[in-house]
Amino acid sequence: MKIFLLVSVIFFCSCEAEIKSRINGERCIALVQKQIDFGPRLLNSPAAKQTAEWIAAEAKKHGWSVVIDEWTEKHRGKVNTYRNVICTLAGESDDFILLGSHYDTKTISGKPNFVSANDGGSSTALLLELMSHIPKNKIAVRAVFFDGEECEVNYSNNDGLHGSRRYATQLVLANTVKQCKAMILLDMIGDKDLHIAIPANGDKPLKDLLMKVAKKNDWGQYFSKGTNSVLDDHVPFVELGVPAIDLIDFSYGPGNSYWHTEKDTIDKLSPKSFQIVGELTLQVLEKLRP
Ligand SMILES: [Zn+2]
């Protein structure tokens with residue numbers, strides 16, 4: 001019995017070590033911690049501004065060009081300031097792939113210690129890490145860090161998805177919607193207990209491609225095609241006809257009980273989840289821009 005236990009422990013450990021990924025999971029965790037150190041990235045907060053500036057500085061280090069798009073919107077008699085961080089890796093053609101993450105923290109009264117490690121923090125960290133691994137090629141890549149994903153009261157035309165709706169409108173005004181060949185949104189990807197059920201409201205061929213790549217890596221157990229639709233930052237692009245998907249693990253803790261609570265802390269995240277989702281995203285990108 002003792003021998004059996006020993007063998008299973010060794011087997012378990014070797015499995016853990018066998019993740020083949022270019023993504024540095026520990027660095028991703030450190031990038032989440034950095035955001036937590038700024039404080040909750042609440043609407044109109046100094047921490048939100050500092051985070052946007054930090055994202056811009058990190059992106060520049062990876063050789064991407066960066067614009068911070070700052071604007072205001074009036075909601076319920078209050079003027080709110082938002083900032084999207086728009087990062088571009090230029091290509092030879094006008095075509096581009098769009099990657100997205102929101103970085104804002106939802107303001108929840110009575111929960112001052114809600115740090116949103118996974119909800120905003122994890123995807124922002126992974127997108128920054130991904131940028132250091134994406135090579136230049138014919139097709140450009142844009143990584144946009146959206147502000148104002150979270151609603152103040154209820155999702156509506158002027159509450160929630162502020163950053164993604166703003167950027168989608170900018171694509172329309174610039175007449176560049178057709179050049180956006182695909183959009184991959186990352187959200188809540190760091191959970192130790194990783195399972196991404198890709199929301200139903202997304203592009204089927206892109207979902208098929210992702211599932212194919214997941215299975216090729218023997219990661220089929222971490223991904224499935226979900227049956228529920230999710231209102232998230234990919235929706236404004238879906239509405240424009242852009243092939244878009246949302247990689248979200250919307251099962252965070254028992255019964256999703258860590259979501260939007262003070263339980264959404266860094267100890268709930270695993271470097272391995274970043275490695276899996278990140279490597280998969282890199283491989284899908286390679287298929288989209290060979
Ligand atoms: Zn949220």
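Both ligands and their constituent atoms are indexed starting at 1 by order of listing. Sequence positions, counted from 1, serve as the residue numbers for this chain.
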Taking side-chain hydrogen bond (donor to acceptor under 3.5 Å, both in side chains) as the criterion, tell me which of His75, Glu152, Lys74, Glu73 meets it with Asn80. Glu152
Using atom types as modelled, flag every donor-acceptor pair under 3.5 Å from a side chain in residues 52-60 to any protein atom, sequence neighbours excluded.
| residue | atom | partner | partner atom | Å |
| --- | --- | --- | --- | --- |
| Glu53 | OE2 | Lys49 | NZ | 3.1 |
| Glu58 | OE2 | Lys61 | NZ | 2.9 |

Scan for ring pair (Phe, Tyr, Trp, His ring centres under 6.0 Å) pairs involving residues 158-215, sequence neighbours excluded, and state none if there are none. Tyr82-His162
Counting backbone and side-chain atoms alike, does His102 have an N/O/S atom under 2.8 Å from the Zn ion (ligand 1)? no
The Zn ion (ligand 1) to Glu149: any N/O/S contact under 2.8 Å? no
So does Glu150 have any N/O/S atom less than 2.8 Å away from the Zn ion (ligand 1)? yes
Scanning both residues in full, the closest heavy-atom pair of Asn118 with Gly190 reads OD1-N, 3.0 Å
N/O/S atom name from Asp119 that is nearest to the position of the Zn ion (ligand 1): OD2
